[in-house]
Trainee: 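Have a look at this one.
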Number of protein chains: 2
Amino acid sequence: MARLSMRDVAARAQVSIGTVSNVVNNPDIVLPATREKVQQAIADLGWVPNQQAQQLRAGRGRTIGLAVMDVTNPFFADLLRAAQDVLFAHGFHATIGDANIDEARQTAILRTFLQQRVRGVILGPIGPQPLEVAALAKAHIPTVLVDRAADSVECCAVGVDDVAGGRIAVEHLVSQGHRRVAFVGGPSSLKQIQDRLEGAQAAALDGGADLLSISVPQLDFASGRLAADQVVLMDPRARPTGVFCANDLVAIAFLQGLTAQGLRVPDDIAIVGYDNIDFAAAAAVPLSSVAQPRQDLGRTAADLLLAEIADADADRDHVHTSVSFTPTLVVRASSALTR
Amino acid sequence: MARLSMRDVAARAQVSIGTVSNVVNNPDIVLPATREKVQQAIADLGWVPNQQAQQLRAGRGRTIGLAVMDVTNPFFADLLRAAQDVLFAHGFHATIGDANIDEARQTAILRTFLQQRVRGVILGPIGPQPLEVAALAKAHIPTVLVDRAADSVECCAVGVDDVAGGRIAVEHLVSQGHRRVAFVGGPSSLKQIQDRLEGAQAAALDGGADLLSISVPQLDFASGRLAADQVVLMDPRARPTGVFCANDLVAIAFLQGLTAQGLRVPDDIAIVGYDNIDFAAAAAVPLSSVAQPRQDLGRTAADLLLAEIADADADRDHVHTSVSFTPTLVVRASSALTR
DNA sequence: CTGAAAGCGCTTACAG
DNA sequence: CTGAAAGCGCTTACAG
């Protein structure tokens, strides 16, 4: 059985292919009798229009590319979910690219989106703003950056103020009496990491506390365990008593590593995470965490994108907007004063 | 600035478009001098080939569709990750569709894959085998079912023996002395749920224990809390002392709900989850869980798909294979005997 | 080695 | 209302 085309449908319904196209795209314009004949043929054959050909001819499709650093991180998964719901409600399809915390992979994903001529892109980027963003702009593909402010006015962006987030995390630890504080995060090529660290340092300075920076390769479980091993080996008199982890994945694994090796949380070491994923509240010791409004991030990103697409469709000018949410601290047992 | 096409590149390099096509696809066949001229023009213009046109003409692309029930569940996220790594290594692109535990959405995703004429599909289906699977087969799009045995010999499949999984979970609880056991899971339209329950019932019967089935709407946090509220209200003398949750998300939220309302785990109620996601070990009380080899599932699914694609390319016959992994139980504190 | 031409499966004016 | 024809951006034999 050969591949089906519109031609096959036309032949079976004994009409021209233009008519088949019309029953697909402008059903009202064709006589009911003809329409039914064609619809019957479509059903009999099980034909599905070839989107590639449609888009090639029509010039634009309805697929939106979502590129994200790490689908494995519940923060991104939830953000994606929220964005998708909005897009889907507006008749767009979402195609997700998972960069696996790998810049090369991210580049490949963006190139694919470009080649696929997607109608728009939502990007939660790794590292510095990728060069491909310029290419997308050049190709007239609306792009919105998520979880990160735009480096330029090249596109819309939605993010949270990570400097403020780092600040409230460490301010909290300092207010609990901690004077030896540590930041666990990495890689430092991530803007998010730089900002959170910057806020943490400012808060430590203001509070008269020392801030030790423990660098880890990635924001995942393995890194959290690594950091725990490192901290456990430190001289208790020099060891930090309050630790701010750059995300909850790291914080949860760090907490687990600590308790597995006999340290108590928060008595020996208090911990604050970042993202406030659902698992934070369910951790071995319920985890304090800086909450980002991830659903809002996802929804807003989708809204901004749809607005830009609408402007493009209407041939209107578009002004790029950048919205920034403010994170909030959720305090739980992992950093509550117990002494 | 209008959209760029190969024609623009050809004009700038002063060659024919056929030659541009050749430097893209068969660089060795064109004179180095010409090649460089063309590559320069491509770079100058920032042109990227239109994949739609390429595929339309060439007849087949290199994009694989991955449709999954719920990207928010770490089990699926990890499975996807493993599958993607294999596909990527073989030069394929993965596009992920997230069904959001919604059958209508799943149908939309599969239709989109069909219209996009993806080269293959990996599907972790919701509910019964969707009708679209037949449509994919008809369109000669290789499809492999994941986390589920095939209903027929229509396609390759890879899954785990969920009946065995349910059985070992409850056998363990029974062996710990529990005689009032409960199963928490749903919706019962999911084959996975039916199988796990079936295994649980068999084990309860064999062990002389009662099995209460607590039905919840979905396999997520909210459902776990719901179930906890329900169990807390039961008469302690009738209340189950051992609970098997259909996945770890439910189990973790259930555990959290129980402890928040004053019940102790495992002393009052022992818990066993399913999937053994990374968070299981980090739960408030480290969670016993039935482990599915999710990386192997993802990898194997990708391998089976690539094999089928290779067979199709070589015009060879393909015999569909169905591989089934056996789950194993990981015992942690949530079900360890402490009395 | 390079160019001219046909065609992939559609949509879109334009006749009739 | 329906059909015939051109063309979207490419690839692929086929001449030259």
Side-chain angles (χ1 to χ4, degrees), chain A residues 1-39 41-42 45-63 112 114-119 139-141, chain B residues 1-39 41-42 45-63 112 114-119 139-141:
Chain A
M1 180 180 54
R3 262 169 219 307
L4 288 171
S5 82
M6 192 177 252
R7 186 186 310 290
D8 301 305
V9 176
R12 175 174 252 264
Q14 309 191 66
V15 295
S16 73
I17 69 163
T19 299
V20 176
S21 175
N22 276 331
V23 345
V24 172
N25 302 299
N26 308 76
D28 326 294
I29 231 174
V30 23
L31 270 187
T34 326
R35 193 195 312 151
E36 276 156 30
K37 212 169 43 169
V38 172
Q39 280 163 341
I42 291 176
L45 259 29
W47 170 77
V48 175
N50 183 324
Q51 199 179 80
Q52 274 136 18
Q54 286 181 305
Q55 291 191 200
L56 180 58
R57 188 57 244 252
R60 60 180 51 153
R62 298 192 71 79
T63 301
T112 304
L114 214 44
Q115 294 180 200
Q116 288 177 161
R117 304 294 196 262
V118 295
R119 194 76 185 81
H140 302 287
I141 298 178
Chain B
M1 178 183 53
R3 264 170 217 306
L4 289 171
S5 83
M6 192 178 252
R7 186 186 310 288
D8 302 304
V9 175
R12 175 174 251 263
Q14 309 192 65
V15 296
S16 74
I17 69 163
T19 299
V20 176
S21 175
N22 275 331
V23 344
V24 171
N25 301 300
N26 309 76
D28 326 294
I29 230 174
V30 22
L31 268 189
T34 327
R35 193 195 310 151
E36 277 156 28
K37 213 169 42 169
V38 172
Q39 279 162 344
I42 292 177
L45 260 30
W47 170 76
V48 175
N50 183 324
Q51 198 179 80
Q52 273 136 20
Q54 287 181 307
Q55 291 190 200
L56 180 57
R57 188 56 246 250
R60 60 180 53 154
R62 299 192 71 76
T63 300
T112 304
L114 214 45
Q115 293 180 198
Q116 287 175 162
R117 304 295 197 262
V118 296
R119 194 75 184 82
H140 302 287
I141 299 178

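Computation of the quantities below employed the complete heavy-atom set of this structure, encompassing side-chain atoms and omitting hydrogens, waters and symmetry-equivalent molecules. In what follows, every chain begins at residue 1, and chains take the letters A, B, ... in the order their sequences are listed.
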Trainee: Phosphate oxygens OP1/OP2 of D:dA4: is one of them under 4.0 Å from a side-chain N or O of A:S16?
Mentor: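 Result: no.
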Trainee: Once you round it to whole Å, what is the distance between P of D:dG3 and CD of A:Q14?
Mentor: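 After rounding, the gap between these two atoms is 10 Å.
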Trainee: Using modelled atom types only, decide if a donor and an acceptor are shared between the side chain of B:R35 and the backbone of B:P27 within a distance under 3.5 Å.
Mentor: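 Yes; at least one donor-acceptor contact below 3.5 Å.
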Trainee: Just the dot-bracket of DNA chain C, please: which string comes out with Watson-Crick or G-U pairs under 3.5 Å, [ ] for crossing, | for another strand?
Mentor: |||.||||||||.|||
Trainee: For the residue pair B:V20 and B:M6, what are the closest heavy atoms and their distance?
Mentor: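 Here B:V20 and B:M6 meet closest at CG1-CG, 3.5 Å.
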Trainee: Got more than 12 heavy atoms from elsewhere within 6.0 Å of CZ, B:R7?
Mentor: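 No, not enclosed.
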Trainee: Between B:W47 and A:V15, which has a closest nucleotide on DNA chain D that is more 5'?
Mentor: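 Comparing both residues, the 5'-ward one is A:V15.
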Trainee: Grab the CD1-P distance between B:I17 and C:dA6 for me, whole Å please.
Mentor: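 After rounding, the reported distance stands at 13 Å.
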Trainee: Rounded to whole angstroms, how far apart are CZ on B:R62 and C1' on D:dT11?
Mentor: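 After rounding, the reported distance stands at 16 Å.
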Trainee: Please tell me if the side chains of B:L114 and B:I141 come closer than 4.5 Å, counting only heavy atoms from C-beta onward.
Mentor: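 A side-chain contact exists here, since the closest heavy-atom pair is under 4.5 Å.
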Trainee: What's the closest nucleotide to the side chain of B:R7 if the choices are C:dT11, D:dC8, D:dT12?
Mentor: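 Taking heavy atoms from C-beta onward, the closest nucleotide is D:dC8.
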Trainee: Below 4.5 Å, heavy atoms only, C-beta onward: do B:V15 and B:K37 meet side chain to side chain?
Mentor: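 Contact flag for B:V15/B:K37 side chains = yes.
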Trainee: Look at the side-chain N and O atoms of A:T34 and state whether any lies under 4.0 Å from the OP1 or OP2 oxygen of D:dT2.
Mentor: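 Checking A:T34 against D:dT2: at least one side-chain N or O falls below 4.0 Å of OP1 or OP2.
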Trainee: In whole angstrom, what separates B:M6's CE from C:dG3's P?
Mentor: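 In whole Å, C:dG3 P and B:M6 CE are 13 Å from each other.
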Trainee: Less than 4.0 angstrom between a side-chain N/O of A:S5 and OP1 or OP2 of C:dC8, yes or no?
Mentor: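 Answer is no, no contact under 4.0 Å.
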Trainee: Could you tell me which residues satisfy side chain to side chain contact (heavy atoms under 4.5 Å, CB included) with B:Q55, sequence neighbours excluded, listed by chain and number?
Mentor: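 If we apply the side chain to side chain contact (heavy atoms under 4.5 Å, CB included) test to B:Q55, skipping adjacent residues, the hits are A:Q52, B:Q51, B:T63.
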Trainee: A:I29 CD1 to C:dA13 C1': how many Å, rounded?
Mentor: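 The distance from CD1 of A:I29 to C1' of C:dA13 comes to 12 Å, rounded to the nearest Å.
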Trainee: To the nearest Å, how far apart are A:N26 CG and C:dA13 P?
Mentor: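 Value for this atom pair: 11 Å.
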Trainee: Donor-acceptor pair, distance only, cut-off 3.5 Å: does the side chain of A:N25 make one with the backbone of A:S21?
Mentor: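 Yes, A:N25 side chain to A:S21 backbone: donor-acceptor pair under 3.5 Å.
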Trainee: Rounded to whole angstrom units, what separation is found between the CG atom of B:N25 and the P atom of D:dA13?
Mentor: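 Interatomic distance, CG of B:N25 to P of D:dA13: 12 Å.
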Trainee: Is any side-chain heavy atom of A:R117 closer than 4.5 Å to a side-chain heavy atom of A:L56?
Mentor: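 A side-chain contact is absent here, since even the closest heavy-atom pair is not under 4.5 Å.
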Trainee: Among residues 50-60 of chain A, which contact DNA chain D at a heavy-atom distance under 4.0 Å?
Mentor: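 Under 4.0 Å from DNA chain D: A:L56, A:R57.
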Trainee: State, with a plain yes or no, whether a side-chain heavy atom of A:V9 is found less than 4.5 Å away from one of A:L4.
Mentor: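 Heavy-atom side-chain distance check fails, nothing below 4.5 Å.
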Trainee: Looking only at atom types and distance, does a side-chain atom of B:N26 sit under 3.5 Å from a main-chain N or O of B:I29, one as donor and one as acceptor?
Mentor: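 It does not hold such a pair.
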Trainee: Between A:T19 and D:dT2, is there a contact of a side-chain N or O with OP1 or OP2 at under 4.0 Å?
Mentor: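 Negative; the distance criterion is not met.
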Trainee: Choose from D:dC1, C:dT12, D:dC10 the nucleotide whose nearest atom is closest to any side-chain atom of A:S21.
Mentor: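 The answer is C:dT12.
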Trainee: In this structure, how many angstroms lie between the P atom of C:dT11 and the CG atom of A:N22, rounded?
Mentor: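 From A:N22 CG to C:dT11 P: 9 Å.
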